[in-house]
Asker: 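Take a look at the following structure, please.
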Amino acid sequence: MLKGIITGICLCIALIGSAQDIENIIKSDPIKFSGNLSISGSSFTTSRDLGDRSPYSYSIQGTPTLSIYSFKIPITISIRDSKFNFSNQISRISINPKYKFVQLFIGSRSYQFSPYTLAGQNINGLGLELTPGNFRFTLIKGKMENLLPQIDTMVYGTELIPVYQRDALAARLGFNSAIADIEFMALKAKDQLDPPVEILDSLRSTLTPEENLVLGLRVETTIARLFTMGLNMGGSVFTNDHTNDTIAIEETYQELASSTLTPTTSTRFSYAGDIFARVNYKGFTIGLKVKQIEPLYRTLGLYYTQNDFRNITLNTRIPLFKRKLFIGLTYGVQRNNLREIRLRTNKRNIVSAQMNYNSGKVLSLTANYSNFSQDQSPGLVAVEDTLRYAQVSKNLTLVPRLQFRNESTTQNITLSLVRFGLEDLSTFYDEPRNSTSLITSLGYNIKWKNSGLGIKLGGNYNTTESIEIATRRYGGTLGLSKKLGKKSSISLSTTYNIRSNEFTRIGSISNTRLSLRFTPVKKQRFSLNLSNLLRRFESRENTNDIRINASYSMSF
């Protein structure tokens with residue numbers, strides 16, 4: 001039914017638009033093809049026993065656009081075989097035809113509504129977007145990805161955990177003008193029991209069929225280009241397991257409930273949002289923001305939601321020295337246990353600071369500090385050669401750079417200091433494996449313009465401390481690069497690091513890379529990369545990995 005509605009709307013609008021603009025269509029170019037395409041393949045060999053990992057992989061990436069008169073058909077292609085095993089292949093193809101203010105989304109696409117409703121989730125299906133004048137309307141229906149149970153390599157190695165198929169229906173209606181912007185959003189998602197899924201017994205209490213209905217509202221207005229205020233809110237009705245016993249409700253609301261979701265003993269409602277106001281005068285900004293996320297707030301439109309806190313912050317941004325220096329400051333208070341369901345309540349001061357300086361000549365400096373998370377965006381983080389689903393909770397970054405240029409050479413010196421606390425969000429451990437890491441590096445690069453010869457030197461010292469143990473990794477890097485005429489170049493680099501636990505050496509890692517690049521004609525490039533990763537251990541057998549990757553890219 002949805003396919004028929006979308007098709008009918010698009011055909012009607014296309015016919016009306018064609019009747020109005022026949023003269024312009026005749027004068028325009030009949031067919032144009034533009035965009036880019038990249039094809040790559042790789043080979044992987046190892047001394048380790050990884051029988052379920054394919055020794056070969058490939059990927060095809062591209063964003064070509066076909067234009068037929070005034071009708072545009074953007075296409076997004078992302079196809080790759082799974083890096084986990086032989087049987088899984090990841091294919092994402094999106095065809096997005098557009099005519100004037102009408103656009104269709106066919107295939108797999110990532111959608112962004114708001115940080116409290118739908119943000120970054122990939123939906124494979126159909127979508128329609130209308131943007132006539134100041135109005136905009138979006139309608140989406142398809143299958144939503146559920147990646148959370150598949151991403152901790154420390155626990156499940158290379159095995160993909162089967163999950164329920166998740167149906168999704170989303171809509172957005174908005175209006176924007178020079179002084180105001182308003183949007184209403186809705187998302188309905190539900191895990192399907194057909195086809196049945198074989199869930200491991202040990203995971204049945206964790207991987208349950210879920211259901212969610214979330215509504216959102218975003219409003220923003222600007223007065224005299226000086227004062228801006230707005231709000232962004234979301235309300236979520238979430239069911240942890242829709243196979244639980246249903247809850248009896250009044251007959252008046254039974255029809256409404258059956259058309260949205262069926263409440264069970266695991267259904268709950270919660271809300272989240274923020275409200276803000278700021279003044280902007282000649283680049284100087286000062287504002288106030290209140291952000292609150294209720295306990296247990298969750299929506300299937302987000303990979304993760306940090307909840308049960310209220311932040312009240314004052315923030316400012318100051319440009320100095322003819323905009324060569326920008327300083328941003330945020331200070332406020334944070335409180336959790338909003339509904340008094342915890343044994344303890346934590347109140348603390350929160351602060352973040354950012355500084356960016358660019359002299360335009362020699363020195364540039366980037367510095368950041370924050371003791372709280374400012375978004376809802378965790379991700380996959382590498383922790384001791386594994387992937388962990390985590391969020392950075394506290395971080396300090398300091399990166400000064402020096403650059404020296406003359407007629408014959410360009411030299412760069414970069415110092416990097418990064419310290420961050422990592423909050424483990426996976427649910428597979430009785431006690432979260434939080435950690436604190438320090439990453440320091442110093443690098444020097446020099447390049448001779450006439451010969452195309454480049455030299456890279458660097459050193460690093462990294463530490464990671466967790467509840468289990470403290471590990472250290474330190475070493476250096478040496479690299480050479482050389483242009484071979486105007487169309488090709490070659491580079492070779494090697495990195496050597498020593499690893500230790502509690503100052504006791506446990507092994508070393510050496511990584512050598514060889515890269516060749518060739519540009520046969522304009523807008524086309526071929527590259528070949530070879531790498532060798534050798535791990536030496538004091539207490540077990542050494543491992544040796546060799547990877548070869550070849551790619552060809554073109555734009556047109």
Side-chain angles (χ1 to χ4, degrees), residues 3 6-7 9-10 13-14 17 25 28-42 56-83 88-115 118-132 136-145 147 168 170 172 174 301-303 377 379-380 487 515-529 549-556:
K3 294 181 181 179
I6 293 176
T7 304
I9 293 175
C10 291
I13 295 175
I25 292 176
S28 62
D29 294 334
I31 298 177
K32 291 191 299 183
F33 199 64
S34 60
N36 60 79
L37 182 67
S38 174
I39 302 173
S40 66
S42 65
Y56 306 102
S57 64
Y58 64 88
S59 69
I60 302 174
Q61 308 276 344
T63 56
T65 297
L66 175 63
S67 299
I68 304 176
Y69 289 102
S70 298
F71 190 77
K72 293 185 178 180
I73 308 177
I75 302 171
T76 300
I77 301 173
S78 179
I79 302 174
R80 62 184 175 90
D81 67 335
S82 173
K83 294 182 181 300
N88 287 275
Q89 179 179 351
I90 299 175
S91 301
R92 292 179 179 174
I93 300 177
S94 177
I95 302 175
N96 311 311
K98 183 177 182 180
Y99 180 76
K100 294 191 174 181
F101 61 84
V102 182
Q103 184 163 16
L104 282 175
F105 304 111
I106 305 171
S108 183
R109 181 182 174 88
S110 177
Y111 293 92
Q112 298 281 344
F113 279 10
S114 81
L118 175 62
Q121 283 281 24
N122 203 81
I123 299 177
N124 187 11
L126 289 176
L128 168 68
E129 185 172 73
L130 307 176
T131 56
R136 56 184 178 271
F137 171 74
T138 306
L139 181 64
I140 308 158
K141 181 177 176 60
K143 301 290 185 181
M144 178 182 289
E145 288 186 351
L147 298 179
R172 175 175 57 182
L302 308 176
Y303 286 117
S377 304
L380 295 178
K487 294 186 177 182
S515 178
L516 299 170
R517 290 179 173 83
F518 176 61
T519 305
V521 295
K522 189 177 180 180
K523 296 184 178 182
Q524 297 185 33
R525 189 175 73 171
F526 172 80
S527 64
L528 178 65
N529 298 285
N549 178 269
S551 65
Y552 174 77
S553 61
M554 62 181 298
S555 57
F556 41 87

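The structure displayed is predicted, hence computed values, not measured ones.
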Asker: Taking atom NZ of Lys143 as the centre, does the number of heavy atoms from other residues, nucleotides or ligands within less than 6.0 Å exceed 12?
Answerer: yes

Asker: Of all the heavy-atom pairs spanning Arg136 and Thr131, show the shortest one and how long it is.
Answerer: CB-CG2, 4.0 Å

Asker: Please confirm whether the backbone N or O of Met554 pairs with a side-chain atom of Lys523, one donor and one acceptor, at under 3.5 Å?
Answerer: no

Asker: I need the minimum non-hydrogen distance between Leu528 and Ala550, along with the two atoms involved.
Answerer: CD1-CB, 4.0 Å

Asker: How many angstroms lie between atom CD1 of Ile31 and atom CG of Leu66, to the nearest 0.5 angstrom?
Answerer: 7.0 Å

Asker: Within this structure, what is the CE-CG distance for the pair Met144 and Leu118, rounded to the nearest 0.5 Å?
Answerer: 5.5 Å

Asker: For Thr65, give me all partners under side-chain hydrogen bond (donor to acceptor under 3.5 Å, both in side chains), at least two apart in sequence or on another chain.
Answerer: none

Asker: So, Ser108 versus Ser94: side-chain donor-acceptor pair below 3.5 Å or not?
Answerer: no

Asker: Leu128 and Phe105: which non-hydrogen atoms are nearest, and at how many Å?
Answerer: N-CD1, 4.3 Å

Asker: For the CG atom of Leu130 and the OG1 atom of Thr138, what is their distance to the nearest 0.5 Å?
Answerer: 8.0 Å

Asker: Within this structure, what is the CD1-OH distance for the pair Ile140 and Tyr111, rounded to the nearest 0.5 Å?
Answerer: 5.0 Å

Asker: Any chance you could measure Ile106, atom CD1, to Leu126, atom CG, to the nearest 0.5 Å?
Answerer: 6.0 Å

Asker: If you apply the rule salt bridge (Lys or Arg N to Asp or Glu O under 4.0 Å), what do you find for Lys98 with Glu129, and how did you get there?
Answerer: CA-CA 9 Å; Lys98 183 177 182 180; Glu129 185 172 73; over 6 Å; no

Asker: What closest approach, in Å, do Gln121 and Gly301 show between heavy atoms, and which atom pair accounts for it?
Answerer: CG-O, 3.1 Å

Asker: Do the non-hydrogen side-chain atoms of Asn96 and Thr76 ever get within less than 4.5 Å of each other?
Answerer: yes

Asker: Find out whether Leu104 and Val102 are in side-chain contact, i.e. whether some heavy atom of one side chain is under 4.5 Å from a heavy atom of the other.
Answerer: no

Asker: If the plane angle is over 60° it's perpendicular, under 30° parallel, otherwise tilted; pick one for Phe33 and Phe556.
Answerer: parallel

Asker: Could you grab the distance from atom CG of Leu516 to atom CG of Asn529, nearest 0.5 Å is fine?
Answerer: 8.0 Å

Asker: Between the side chains of Ser59 and Ser40, is a donor N or O closer than 3.5 angstrom to an acceptor N or O?
Answerer: yes

Asker: Looking only at heavy atoms, what is the nearest atom pair of Ser42 and Asn549, with distance?
Answerer: CB-ND2, 3.6 Å

Asker: Run the numbers on Leu37 and Tyr552 for side chain to side chain contact (heavy atoms under 4.5 Å, CB included), then give the verdict.
Answerer: CA-CA 8 Å; Leu37 182 67; Tyr552 174 77; over 6 Å; no

Asker: Hey, are Asn122 and Ser110 close enough side-chain-wise for a donor-acceptor pair under 3.5 Å?
Answerer: no

Asker: I need the minimum non-hydrogen distance between Arg525 and Thr519, along with the two atoms involved.
Answerer: CG-OG1, 4.1 Å

Asker: Quick check against the 3.5 Å criterion: does Arg172 have a side-chain atom that pairs as donor or acceptor with the backbone of Gln112?
Answerer: yes

Asker: Looking at Ser551, Ser553, Ser515, which hits side chain to side chain donor-acceptor pair (under 3.5 Å) with Ser527?
Answerer: Ser551

